[in-house]
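I have placed the structure first, in the form of structure tokens, so that the comments after it can refer back to it.
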Amino acid sequence: MRLSMKLSYGLLVVAVLCTALAADIGPTPGTQRVGPIFERADLVCNCAVESINVVNEEHLQRQGKLLIRRHMIASVEVQDAYKSSVSVAQRISVEYDEETPATMASMPGLTSGEKALLFLAARGPSAYVFADPFLGVTPFSALGRQPGELGMMKLQSALAGALLGTSRDDQINAMRLLQGFEELSPDTISRVIPLSSSADPGVAFSAIAVLLKTKTPEAVETLERYLDKYKSDTEPIALASIGTELGQISDEGALAAIDALTRSRYLPIRFGAMEALRRMRNPRSAPALVRRLDDAESTVRYVAVITLSEIFGQAGDYAPSMYLFDKNPDFYVNLWKAWWAKEGRALQE
Amino acid sequence: MVHASGHPSVLRASVLALLITLFSFVSFGQEAKVLAPHKHALPLLPYTGKWHKAATLRSMVGGPWIVDANFKSSIYIKNSIKMAPLTVTPILYLSNGRRYQLLDVKLEPAGVAVVNVNQALADQGLAPWATLRGYVEVEYKWPWDALCVTVRNVDAVHSLVIAHNLRQATLYSAESGTDSADHGRAYEGVWWKQEPNVSGFISLSNSSTTPISARVQVIDNHADVLGTHTVTVSPHGTKTVNLTELQSTPAKEGGVHITYVGPEDALLLTGELEDALVGFSAKLPLYRAPKHSNKQESLTYAALGLMTGEVDPMMRFPVGTKFTPYFVVRNLSDHPTSFQPKVYWAENSASHSLSLPQFSIASGAAMNLDLSALISSSSIRNFNGNINVELDIKGPYGDLLMASGSVDQKNTYVFEAAPQAVAVSVAKSLSYWSTANGDDTMFTLWNPADEAQDFLFTVFFSRGHYEYPIHLGPKATRSFNMSEIVEAQTPDTEGNVIPAGVHEGSAEIAGPEGATQPILAAIDLGIYNVQKATCYPTCIDCNGVADDWIDANPFGVAVGGKIQQTATAQFHDGTKADLTNSATWKSSNTGVATVSAGLVTGVGAGPLELSAEEELVTQIGEVCQNEPPPRCQEGPVQPSSPGTVPPKISQSTELWYFGNGISAPSGFTLGSTTATLTANGGSGTYTWTVTNGTSIAALQGTTSGQNVTSVTIGSIGYSTSANDVTVQLQYTPTGGKAATSSISFSVDSPYKLASNGATTNKGVTGNTCNNPPPGNNGFQSVVPYKILSFFGVQISHIGVNETFATWTDDYIGNNWPVVVAGGYTTTDGTFADYICAINTTTPPSLPPQVPLSATKIDHASQFWFVGSVTPSDGVEVQSDTFQRYQDHGLHTGIVSPVR
């Protein structure tokens with residue numbers, strides 16, 4: 001009787017998770033906001049996975065392809081908690097589904113013996129499921145126990161502590177999570193700064209992404225300097241979130257560095273720099289914008305056009321929608337080039 | 001006004017002319033200087049062929065027309081419009097009321113036409129030598145009174161001329177504000193006997209549809225009644241009352257008092273003095289009796305071109321012909337009136353003046369100033385030429401009834417020169433001149449100002465005009481004949497001359513800057529024929545403002561918005577002038593809108609009245625009918641326009657569209673799929689309408705009614721260009737005019753996915769593709785994107801989902817599970833497609849190889865939607881081919897945007 005109830009419960013969870021998790025679309029690494037997930041989680045902890053049991057196993061066919069879906073219950077020990085009254089060393093169970101072969105990014109899972117930062121939602125006494133399909137589990141080889149009160153600050157301290165470790169993956173994972181914090185403490189920043197010049201571009205770019213959250217010219221200049229030296233053809237995924245963070249900059253002290261970044265060979269950086277110029281609406285950025293009228297990427301050219309129109313108050317054909325621009329990009333680009341040659345350049349002198 | 005006999009002593013004493021001062025020359029400057037207007041012409045607007053008001057049926061009536069074996073009757077019709085032709089329909093009414101409609105007459109712009117009544121009657125089958133009379137009506141359609149019409153009856157055998165101008169059939173009723181109700185009407189006239197055998201008659205024509213009985217009283221110079229006539233005039237009929245009393249009375253001057261009960265101006269009254277034996281004929285002035293008023297005006301009247309002494313031989317009168325002037329006055333007021341005439345003349349190219357004695361005239365009395373005797377006893381007794389007589393009086397306008405002119409010693413040639421009021425005017429039109437068949441036309445122009453003025457005398461004739469500049473010194477006068485101008489053949493500034501074959505036309509006196517320039521000028525003319533011994537005046541039009549308006553009427557202007565209003569004056573001759581910069585603009589409610597030089601700025605919602613005031617000449621058309629001496633008086637022109645400042649509309653949030661029936665997700669911060677439009681106006685009726693972009697946005701719920709100050713609008717489509725949705729609010733404030741305000745906005749929508757960097761591939765291991773640790777059991781490829789809207793906005797806090805179709809195996813027999821469609825809510829507008837395979841066996845998934853493996857596993861069509869996390873919900877933004885290889889995955893054949 002007890003077993004059947006447990007199975008029923010497990011099937012219900014599977015059904016819920018299937019609709020919510022069955023996707024391979026997810027956040028650009030580093031862009032997920034931690035705060036809302038922390039808020040809706042019932043337990044956020046640094047946990048150690050002690051054992052995993054298969055509760056249920058199904059053999060499924062998907063488009064004629066066989067796969068096995070298992071409903072799993074992991075027994076984990078809470079080694080440090082950042083939210084909840086669950087005490088340290090307490091054991092809890094975490095239920096989840098797992099597919100073999102694995103193809104879905106939105107199905108977090110656990111490995112026996114691993115340590116991880118878990119965001120969990122309560123499903124019963126000491127029973128949990130993942131609170132987020134992407135951020136539910138972040139493995140850490142070592143996440144030091146933190147003193148202090150429960151809360152986001154405690155979590156931040158723990159992640160900042162991970163930056164001092166030697167594990168590259170821990171550092172990157174910690175920085176992706178720190179990127180999702182609304183506010184970062186000076187102590188955290190001070191720990192990130194040394195990593196921004198790491199020889200490992202994965203680490204360095206993750207660090208720079210965190211630093212850009214400060215929205216300071218110094219952070220932008222750090223990025224500019226690093227990109228000056230970075231000559232690899234490899235484009236770390238961190239650049240995608242760096243572009244987003246860069247686009248939030250509005251401090252005109254960063255204008256020179258952003259101008260330079262509009263010429264980056266990395267598209268996310270150019271996107272971000274152009275978004276920052278659009279946000280600033282500074283006439284001094286006009287030459288950089290005019291240069292981008294010839295960018296290889298159509299979207300960058302459009303942002304150059306619309307930003308010029310917003311800076312110089314031109315309407316009509318000077319301010320097309322992207323829809324209209326895509327119909328005849330040369331027309332709008334040439335319109336602005338002609339304006340620049342006839343009037344705009346003189347405004348700069 | 002009319003006094004029964006019984007108090008003769010009082011009256012007789014009072015009507016004596018009192019010689020108070022000796023004649024004296026006066027030098028200019030002893031009195032307050034009369035200044036020229038010193039104003040510029042208004043800026044003119046181009047002729048567009050359209051008028052502000054619609055044309056309506058108009059009518060002019062008057063007469064009489066008289067034909068018999070000797071009398072030939074003609075109708076002279078002048079088109080006052082300079083830039084447009086006019087078609088008119090003359091109608092003759094016989095004395096028995098029978099109506100004869102004549103053929104239409106087409107008038108050139110500023111043109112004249114002459115209708116031969118005798119011939120017209122013959123065309124109607126009536127014997128032209130029969131003794132017939134009646135009155136004339138001229139019908140036409142035009143937005144304002146645009147004709148000047150004179151009926152001229154000439155008996156060349158007896159040298160008699162009976163000429164009268166028609167009046168606007170609706171003019172006086174419109175001005176007086178009376179309706180057609182029966183009321184007592186009164187008219188006053190003045191008669192004088194130039195010589196003992198002069199008699200006279202009154203012609204009464206009934207232009208109404210009911211019989212009218214009239215009483216005609218003839219009184220002497222003491223206001224004693226000499227005789228009374230009662231006559232009933234049938235509808236459209238004409239009757240004549242002979243003033244037989246004039247033959248028997250010893251009085252040399254007196255009055256006529258006519259009363260009737262009937263509609264305003266239904267009775268057309270004209271009077272004539274004549275002695276057929278000697279060929280004397282002159283108009284007996286008949287004016288509507290003035291309403292007694294205490295309004296004291298400083299009025300100046302002038303009779304121009306009165307001839308005295310021997311005539312200029314150039315005028316070809318019989319040798320020895322001498323003229324003497326006459327000036328007859330009747331006091332219509334209820335109190336005595338004093339005045340002191342002044343004579344002006346030009347001699348040896350210099351202007352001179354002479355003050356005559358002061359006269360006092362009792363109420364109701366008539367007197368002849370006997371200018372002949374006064375001149376004979378003055379220093380100008382030997383002067384041969386023209387004089388102008390000026391009367392300055394203080395009193396209500398219209399209290400004096402005057403007649404003046406010149407007559408030769410045989411009383412055959414009578415040059416009538418009715419006194420006219422001297423006042424600032426704009427151009428004056430002279431309706432007709434003639435040099436045909438022995439006619440000539442003499443003009444007399446006088447500058448009443450104490451400073452020099454320049455004038456432009458323009459002669460209009462068929463298909464042409466001729467400009468003749470005239471400079472007149474202070475108080476200077478100039479007389480000239482049209483024949484002189486024609487014969488001189490001197491080209492004007494435009495090179496025009498009056499062709500020798502031209503013998504008739506019209507003319508205009510104006511300022512040098514044009515017809516709208518204010519001038520102070522008195523002008524008169526007489527068309528005379530020495531052989532026929534006839535002379536007659538013609539009508540003089542004031543080219544005043546016929547219409548005025550503010551162009552946008554009514555108008556609306558948004559709060560904080562501006563609208564440039566223009567004010568326009570339409571002059572009698574069709575000229576349009578722009579008053580915008582010269583008028584004084586006023587807003588009735590500066591809390592609603594302010595105005596400066598016509599630029600209206602909305603301040604707050606509500607109604608207002610906008611006006612533009614300017615002092616201009618408001619008299620238009622012929623002014624010498626049934627009224628005291630004409631004047632082209634100035635008055636305020638005040639076009640106005642009701643305006644409303646409609647409320648400013650605000651939009652609560654940006655509108656977005658994510659597909660039919662799909663609302664903005666919770667937490668979406670860039671706007672919503674519905675918004676509230678709010679108007680900050682006051683009480684009134686509100687009607688909201690989507691006027692542009694009806695396929696993009698639609699109003700919901702109540703959209704009109706009292707104080708519906710806000711509405712909900714929802715997206716039903718998306719914008720492809722900026723601000724392509726317009727919602728108009730028609731706001732009618734309580735007690736005000738409707739006005740509209742509008743708000744235009746765009747409905748943004750997901751447009752496309754933009755690559756947010758290169759696809760990254762890494763080797764992974766473990767049991768899940770979620771944050772898998774590095775390893776060699778498979779791969780994870782990350783394809784980063786950002787979501788952009790139609791207007792380039794990176795859309796955050798929005799759901800994105802994918803669907804798959806047509807999964808196709810490239811590696812036959814593979815056991816790779818297909819990917820399940822799903823969705824994700826992005827908080828920053830970016831996301832990634834995670835293509836992952838771990839622990840597949842057929843074939844085994846590999847970490848990224850160098851170079852990447854070319855072994856394809858499978859592929860599917862992939863479709864991307866934004867607006868929801870539910871697959872296929874939202875708007876499609878991209879399609880591509882989802883391709884998996886043994887060691888990586890990617891998107892190929894990307895199509896974005898797809899709309």
Side-chain angles (χ1 to χ4, degrees), chain A residues 18 20-29 31-33 36 60 62-63 65-67 98-109 111 133-134 136-139 169 173 234-237 239-241 243-244 247 266-268 271 275 297 299 302-303 306 315 319-324 326, chain B residues 719-722 746 751-752 754-758 760 766-774 778 780 782 784-786 788-792 794 800-802 807 814-824 826-841 845 869 871 897 899:
Chain A
C18 276
L21 305 180
D24 57 351
I25 314 169
T28 306
T31 61
Q32 218 171 355
R33 293 170 65 197
L60 304 174
R62 190 182 292 158
Q63 295 278 334
K65 303 295 172 60
L66 290 173
L67 61 91
E98 181 181 287
E99 289 183 355
T100 302
T103 59
M104 306 297 288
S106 54
M107 295 183 75
T111 303
F134 299 101
V137 181
T138 306
D169 290 341
N173 284 342
T234 304
E235 187 175 322
I237 189 65
L239 287 179
S241 66
T244 300
Y266 302 113
L267 183 58
F271 272 153
E275 281 301 320
E297 171 60 37
T299 303
Y302 173 76
V303 176
I306 202 68
S321 66
M322 188 180 283
Y323 172 85
L324 293 176
D326 283 349
Chain B
S719 298
T720 53
S721 55
S746 312
Y751 176 57
K752 72 177 182 182
S755 171
N756 196 28
T760 61
N767 301 318
T768 175
C769 285
N770 178 269
N771 223 341
Q780 186 180 60
V782 180
Y785 283 110
K786 62 195 300 183
L788 295 174
S789 77
F790 273 74
F791 295 96
Q794 187 167 316
V800 54
N801 69 79
E802 62 181 343
W807 279 99
N814 78 76
N815 73 336
W816 290 36
V818 300
V819 176
V820 176
Y824 165 69
T826 171
T827 55
D828 68 344
T830 70
F831 71 93
D833 190 16
Y834 291 84
I835 307 172
C836 178
I838 306 174
N839 300 327
T840 61
T841 55
S845 50
V869 295
R899 287 188 290 172

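As the structure is a computational prediction, the values presented were derived from the model and not from experiment. A, B, ... follow the sequence lines: proteins, then strands. Residue 1 opens every chain.
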Shorter than 4.5 Å, heavy atoms on both sides: which option in Glu297(A), Lys65(A), Glu98(A) has the most such pairs with chain B?
Lys65(A)

Could I get the full list of side chain to side chain contact (heavy atoms under 4.5 Å, CB included) partners for Pro27(A), not counting sequence neighbours?
Thr31(A), Gln32(A), Phe134(A), Tyr824(B)

Is it the side chain or the backbone of Thr720(B) that comes within 4.5 Å of chain A heavy atoms, both, or neither?
both

Within-4.5 Å side-chain heavy-atom neighbours: Asn173(A) and Asn771(B)
yes

Taking only residues two or more places apart in sequence, or in another chain, which ones meet Ser845(B) in a side-chain hydrogen bond (donor to acceptor under 3.5 Å, both in side chains)?
Thr840(B)

Structural part of Tyr302(A) lying under 4.5 Å from a heavy atom of chain B:
side chain

Which bit of Pro784(B) is near chain A, if near means a heavy-atom gap under 4.5 Å: side chain, backbone, both or neither?
side chain

Please check if the side chain of Gln780(B) supplies one atom and the backbone of Tyr834(B) the other of a donor-acceptor pair under 3.5 Å.
no

Looking at Val869(B), Asp833(B), Ile835(B), which has the largest count of heavy-atom pairs under 4.5 Å with chain A?
Asp833(B)

Between Thr768(B) and chain A, with a heavy-atom cut-off of 4.5 Å, which part of the residue counts as in contact: side chain, backbone, both or neither?
both

Name the region of Ile306(A), side chain, backbone, both or neither, that has any atom closer than 4.5 Å to a heavy atom of chain B.
neither

Taking C-beta and beyond as the side chain, do Lys786(B) and Thr826(B) meet within less than 4.5 Å on heavy atoms?
no

Quick check for you: among Val782(B), Thr827(B), Asn839(B), Asn814(B), which has the greatest number of heavy-atom pairs under 4.5 Å with chain A?
Asn814(B)

Could you give me the CA-CA distance, side-chain angles and deciding distance for Thr841(B) and Asn815(B), then say whether side chain to side chain donor-acceptor pair (under 3.5 Å) is met?
CA-CA 7 Å; Thr841(B) 55; Asn815(B) 73 336; 2.6 Å; yes

Contact winner vs chain B - Gly26(A), Pro268(A), Gly109(A), heavy-atom pairs under 4.5 Å
Gly26(A)

Using non-hydrogen atoms and a 4.5 Å limit, figure out which bit of Phe831(B) sits close to chain A: side chain, backbone, both or neither.
both

Under 4.5 Å heavy-atom distance to chain B, tell me which part of Thr138(A) shows up: side chain, backbone, both or neither.
both

Taking the side chain as everything from C-beta on, heavy atoms only, tell me whether Thr244(A) gets closer than 4.5 Å to Thr28(A).
no

Looking only at Ala754(B), Ser755(B), Ala722(B), most heavy-atom pairs under 4.5 Å shared with chain A are made by Ser755(B)

Looking at Ala105(A), is its backbone amide N or carbonyl O close enough to the side chain of Asn770(B) to form a donor-acceptor pair, meaning the two atoms are under 3.5 Å apart?
yes

Counting N and O atoms only, with roles assigned by atom type, does the side chain of Ser321(A) sit under 3.5 Å from a partner on the main chain of Leu324(A), one being a donor and the other an acceptor?
yes

Using non-hydrogen atoms and a 4.5 Å limit, figure out which bit of Pro236(A) sits close to chain B: side chain, backbone, both or neither.
backbone

